[in-house]
Each structure stands twice: as C-alpha cells, then as structure tokens.
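For the numbers below, each heavy atom of this structure counts, side chains included, while hydrogens, waters and symmetry mates do not. Here the structure is a predicted model, which means the values were calculated and not measured.
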Amino acid sequence: MRILADKHIPYINRLFGLHNIVKLCEGRSISNRDVKDVDILIVRSITQVNEILLNNSAIKFIGTVTSGIDHVDCNYLKDCGINFVYTPGSNAVAVVEYVFAALFWLASRDNFFLRDKVIGIVGVGNIGSLLNKRLCSFGVQTLLCDPPLEKLNTSESWKSFEKLVSEVDILTLHTPLIMEGYYPTWHMVDFDVLDALPDNSILINTCRGAVIDNSALLKILKNGKKLNVVLDVWESEPIVSVPLLSYVDLGTPHIAGYTIESKIRSIMRVYNEYCNFFGFSDLETENISVLGRSIIHDIQVKEKLDEILLNRLIKLIYNINYDDNMLRNFANVLGGFDRIRSCYASRREWSSLCVKTCVDCIYEMLIKLGFSVV
Ligand SMILES: NC(=O)C1=CN([C@@H]2O[C@H](COP(=O)(O)OP(=O)(O)OC[C@H]3O[C@@H](n4cnc5c(N)ncnc54)[C@H](O)[C@@H]3O)[C@@H](O)[C@H]2O)C=CC1
Ligand SMILES: O=C(O)C(=O)[C@H](O)COP(=O)(O)O
C-alpha cells in the first residue's frame, strides 16, 4: 500500500516501510494532490484533515500522532468511511512534567512554595487528571473544573469555571479546542476572565492557543495587569505574537508534549491500530524500554523530598528556560516556530531518571511522581 506521512514523525519507515511504499512530506504542505494515490495518511497537528485535503482520494486509514484532534474533520471522515485513529494520553506525562517544570521555574524565581498555592485545573482528562494526581501526591491543593465530566461523575468536588477563576492562585488549561456545542472552549479565557484572575496569579496554557483570547491577553498585560503567564500554545501558530511573547514569563513553541517517550508511544499506537485494521500480526509493543535509562541516573536521595530537591531532580531532566530562549531567539524568523519544533531534541520523562533511596516515604513519593526508584 501507499503511505503518506509527515516527515517529522519518528520511526515511520522502520515501522511501515517493510510492507508499503512510504512518502514523507512537510506536514503543513500536504495537499489534495499529494494524497491522490494514497491509501494511508499519518499526520501531526499541523495538517488540516478535511474535505479540501481528501476530496476524490482513496484513503482508507488516517492516523494522527496527537491527543488533540481539532485539526481533523471527524464527521467528514466518518461520512467517507475512513478509519481514523488518534493517540489520546500518549503525551499526558510529557505535558504534566512540562507544567511542573514551569511551576518550579516560577517558584524559584519568585521565591514561593507550590504547597502554599491553590492550583485550578480546567479540563481533567488524560493530562488534567494525571497533573491533579501528581500535585495532590506532593501535597499541593487543587481545584477541578470539567463540566462534561461533572455531568458524568458527581463523586468529585467540581468547581464552576467562574468560581475557580476567582479562587485559584494558579490556573492551568487542559481542554480540547471546542468551537461550538454545550461547552465550547474557544476564547474561554477572555478579557473578563483575565480581569477576574487575582493579581499576581499564574496562567498556564498547554492545550490550544485559542482557548485564550490572545489579543485580550496582550491588551490586559499592556494595561498593567499583574499576571504571570506561561504559554506553550499560541492562537496564531506557527506565527507567534512577538509583542505577546515579550510580556509572558515563559514562552515555548508547542513542545509541552515533546518527550522521546511520548513520540514513541504515539507512533506505536498508530502502528498497532494500523496492524489491527489491516489484519497484520507484527504488532510492536510500546517498547519504551528500548530507550534505556537517561544520560543521568543513579541519583541518591537521602534527605526529605522537599520542593527544592524535587526542582533539582526536574532540572536534571528538563530545563524549560532553554526552550523559552529558543523561542525568543527564533520567533521573529520566518518558519522559525516550525523549525524549532521539527528539530527539537525531545526531552526525556522523569521515569527515565533512576533515583536511589532507602527512605520508605521518599520511595513512595518518588514512585507516585513518576520517577524510577531503586
Ligand atoms: N501542548 C502540547 O504539546 C499538547 C497539547 N494538548 C492539548 O491538550 C488537550 C487536552 O489533552 P488531554 O487531557 O489528553 O485530553 P482529554 O480529552 O483526555 O481531556 C480533556 C478534558 O477536557 C474536558 N473539557 C471539555 N470541554 C471543557 C470545558 N468547556 N471546560 C472544562 N473542561 C472541558 C473534557 O471533559 C475532558 O475531560 C488536547 O485536546 C490538546 O488540544 C495535548 C497534548 C500535548
Ligand atoms: O498531541 C497534541 O494534541 C499536541 O498538541 C501535540 O503536541 C502536537 O504536536 P505536533 O503534532 O504538532 O507535532
């Protein structure tokens, strides 16, 4: 069969090349002409998958190596009988660990402790629920907002979005981009919401840029609103608002989900779904262990695991400031945003750091936080 794939998805030839003819393209430039004689299409979030792309094509199977699917017209694919797979949760760990890195970067800069803050999580799915679990295991207070889930699961203590905004010190967004329907998220954070946030609170967006009205955010920051902002996603991607970037505390090029582990998880998920759909047997396991340990392991933890020590462990794995600097250096360069992302030296996840301790309570905490412990 003939496969067309985004050239920046890893392991495509290794996984699909044996049985198929594989063509690789820049994701943003894939066109209807490219898919004319193609059976299988494998994309990232930067390829709009809709009738314009697929009209008169013979495509049978489409995979996106993403959790978000706002770039896909799912109804059109269903109407055309095209089998569609995506990879929800594949990069949840990566995003959660990005949020921790951002929080600890701010905490050490502004000299506060996370345990003294209330963190509001909007969207409690794969990412939001894992973030909540890890924050709570580390003794950080959280409040949750997820109206669709609230309708299904009344056991949690949910907060309305309006109430959450006024009660939290830190607001972190983890919803899909939903333009319409009962719970739309497009511009969910608008000027009024931004104005209602307590002074000196922290706003983190790692879901989709347009969940925050970026023009309103720039306006209120220009007006002097005291707000600490972390943006990994931008309303005008791949163009980044340089004025907005100049006001945010941390700005990164949509890489919160970019760990080596998450990239392998997602392409393996698509590959296994492809094998199932076409009836092939050579299912690859999600062979993350092929990565082995990170370059730094066998760290001894003897003293209690406080925020300062956890921050030091995190920084062994990931320096978020580096990604912020990269974006600030290339935001003004034509194609810079996509270039940084496609050349990104994906980081490792905490589980790749092997920590040694003989203190039981530290052992349990490290396990709950996602580290490998011996
Ligand atoms: N920056 C990055 O690299 C990444 C960004 N993302 C983005 O993060 C989003 C969330 O990812 P997951 O947790 O895997 O998705 P998910 O689908 O598991 O969870 C999303 C949650 O949001 C809730 N939700 C929907 N509408 C809502 C509303 N109006 N208010 C509050 N909650 C609402 C849903 O009920 C669901 O529980 C993705 O859709 C994607 O857009 C995901 C991975 C990486
Ligand atoms: O999985 C998602 O949803 C994301 O936002 C991914 O991080 C998008 O990465 P690309 O598909 O744009 O490489």
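- Between the side chains of Asn223 and Lys219, no donor N or O sits under 3.5 Å from an acceptor N or O.
- Val165 and Ala196 make their closest contact through CG1-CB, 4.0 Å (heavy atoms, listed as atom of the first residue, atom of the second, distance).
- Clustering ILVMFWY residues whenever any of their side-chain heavy atoms sit less than 4.5 angstrom apart, transitively, puts Ile9 in the very cluster that holds Ile264.
- Separation of the Tyr274 and Phe277 ring centroids does not fall under the 6.0 Å cut-off.
- Taken together through direct or relayed side-chain contacts under 4.5 Å among Ile, Leu, Val, Met, Phe, Trp and Tyr, Phe138 and Ile367 form part of one hydrophobic cluster.
- Of the N and O atoms on the side chains of Asp34 and Ser31, at least one donor lies less than 3.5 Å from an acceptor on the other residue.
- Under a 4.0 Å N-O distance rule, the pair Lys225/Asp199 qualifies as a salt bridge.
- Using modelled atom types, one side-chain atom of Asn32 and one backbone atom of Asn55 make a donor-acceptor pair closer than 3.5 Å.
- Tested against Leu194 for a side-chain contact (heavy atoms from CB on, under 4.5 Å), the candidates Val229, Leu203, Asp213 yield a single pass: Leu203.
- Linking ILVMFWY residues whenever their side-chain heavy atoms come closer than 4.5 Å, directly or via other members, leaves Val65 and Ile62 in distinct clusters.
- The local environment of CG in Asn111 is sparse, with at most 12 non-hydrogen atoms from other residues, nucleotides or ligands closer than 6.0 Å.
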Evaluation steps, salt bridge (charged side-chain N to carboxylate O under 4.0 Å, His left out), between Arg347 and Glu97: CA-CA 10 Å; Arg347 70 186 187 275; Glu97 295 179 0; 5.8 Å; no
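- Distance alone, capped at 3.5 Å, is enough to place a donor-acceptor pair between the Asn50 side chain and the Leu53 backbone.
- Under 3.5 Å, the side chains of Thr142 and Asn132 contain a donor-acceptor pair of N or O atoms.
- For an aromatic pair to be called close, the ring centres must be under 6.0 Å apart, and Phe16 with Tyr271 satisfies this.
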Check against ring-ring contact (aromatic ring centres under 6.0 Å, His included), Trp350 and Phe100: CA-CA 11 Å; Trp350 294 355; Phe100 266 85; 5.2 Å; yes
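- You'll find the side chain of Leu54 reaches within 4.5 Å of the side chain of Leu41, heavy atoms only.
- The side-chain heavy atoms of Arg341 and His8, taken from C-beta on, include no pair separated by under 4.5 Å.
- At least one side-chain heavy atom of Asp146 sits less than 4.5 Å from a side-chain heavy atom of Pro148.
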Trace of the side chain to side chain contact (heavy atoms under 4.5 Å, CB included) decision for Tyr344 with His254: CA-CA 11 Å; Tyr344 189 74; His254 197 155; over 6 Å; no
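- Nearest approach of Leu144 to Val124, heavy atoms of both residues: CB-CG2, 4.0 Å.
- Between the side chains of Asp323 and Tyr98, no donor N or O sits under 3.5 Å from an acceptor N or O.
- Arg109 and Asn228 are linked by a side-chain donor-acceptor pair at a separation below 3.5 angstrom, with hydrogens and angles left out of the test.
- Residues Arg265 and Ser90 share a closest heavy-atom pair of NH1-O, 3.0 Å.
- With a 6.0 Å cutoff to the six-membered ring centre and a 45° limit on the axis angle, Lys151 counts as a cation-pi contact of Tyr182.
- Using a 4.5 Å cut-off between side-chain heavy atoms of Ile, Leu, Val, Met, Phe, Trp and Tyr, with links allowed through other members, Phe278 and Met268 fall into the same hydrophobic cluster.
- Note: Leu217 CG to Ser241 OG = 9.0 Å, rounded to the nearest 0.5 Å.
- Enclosure of atom CZ in Arg339 is not indicated, since only 12 or fewer non-hydrogen atoms of other residues, nucleotides or ligands lie within 6.0 angstrom.
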Side chain to side chain contact (heavy atoms under 4.5 Å, CB included) between Leu313 and Phe104, worked out: CA-CA 11 Å; Leu313 286 178; Phe104 277 117; over 6 Å; no
Stepwise side chain to side chain contact (heavy atoms under 4.5 Å, CB included) check, Ile204 with Thr206: CA-CA 7 Å; Ile204 302 175; Thr206 59; 4.1 Å; yes
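- Ile40 approaches Ile42 most closely through the heavy-atom pair CG2-CG1, 4.1 Å.
- Shown here is Ile52, whose CD1 atom has no more than 12 heavy atoms of other residues, nucleotides or ligands within 6.0 Å.
- Asn214 places a side-chain N or O within donor-acceptor distance of the main-chain N or O of Glu235, the cut-off being under 3.5 Å.
- For Thr259 (side chain) and Ser262 (main-chain N/O), a donor-acceptor pair under 3.5 Å exists by modelled atom type.
- Taking the ring axis of Phe112 as reference, the NZ or CZ atom of Lys117 stays within 45° of it and closer than 6.0 Å to the ring centre.
- In this structure, Cys207 and Val233 approach most closely via the heavy-atom pair O-CG1, 3.5 Å.
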His71 vs Ile46, side chain to side chain contact (heavy atoms under 4.5 Å, CB included): CA-CA, chis, key distance, verdict: CA-CA 7 Å; His71 57 294; Ile46 60 174; over 6 Å; no
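- A donor-acceptor contact shorter than 3.5 Å is absent between the side chain of Asp338 and the backbone of Gly336.
- Checked against Trp234 for a side-chain contact (heavy atoms from CB on, under 4.5 Å), the options Ile239, Thr252, Val248, Asn205 give a single hit: Val248.
- Looking at heavy atoms from C-beta onward, Leu231 lies in side-chain contact with Ile212 at the 4.5 angstrom threshold.
- Here the options are Thr64, Leu177, Thr87, the test is side-chain contact (heavy atoms from CB on, under 4.5 Å), and the partner is Ile69; only Thr64 passes.
- Considering only heavy atoms from C-beta on, Arg269 stays 4.5 Å or farther from Tyr86 through its side chain.
- Put simply, NZ on Lys315 and CG on Asn321 are 9.5 Å apart, with the number rounded to the nearest 0.5 Å.
- Taking OG of Ser45 as the start and CG of Asp6 as the end, the distance is 9.0 Å to the nearest 0.5 Å.
- With Leu106 as the partner, the side-chain contact (heavy atoms from CB on, under 4.5 Å) test is satisfied by one option alone out of Ile320, Leu114, Asp249: Asp249.
- Under 4.0 Å is where a charged nitrogen must lie from a carboxylate oxygen, and between Glu237 and Arg208 no such pair does.
- Within a 6.0 Å radius of NZ in Lys78, other residues, nucleotides and ligands contribute 12 heavy atoms or fewer.
- Donor-acceptor pairing under 3.5 Å is recorded for the side chains of Thr172 and His174.
- Geometrically, Lys263 engages Tyr258 in a cation-pi contact, judged by NZ or CZ lying under 6.0 Å from the ring centre and within 45° of the ring axis.
- Summarising the geometry, atom CG belonging to Asp39 is positioned 8.5 Å from atom CD1 belonging to Ile3; distances are rounded to the nearest 0.5 Å.
- Side chains of Ser67 and Asn91: a donor-acceptor N/O pair is present below 3.5 angstrom, by distance only.
- Here the closest non-hydrogen pair linking Leu327 and Ile340 is CA-CD1, 4.0 Å.
- Within 6.0 Å of NZ on Lys133 lie no more than 12 heavy atoms contributed by other residues, nucleotides or ligands.
- Val373 and Leu310 fall within the same hydrophobic cluster, defined by Ile, Leu, Val, Met, Phe, Trp and Tyr side-chain heavy atoms under 4.5 Å apart, directly or through other members.
- Around the CG atom of Leu152, the shell of radius 6.0 Å holds more than 12 heavy atoms that belong to other residues, nucleotides or ligands.
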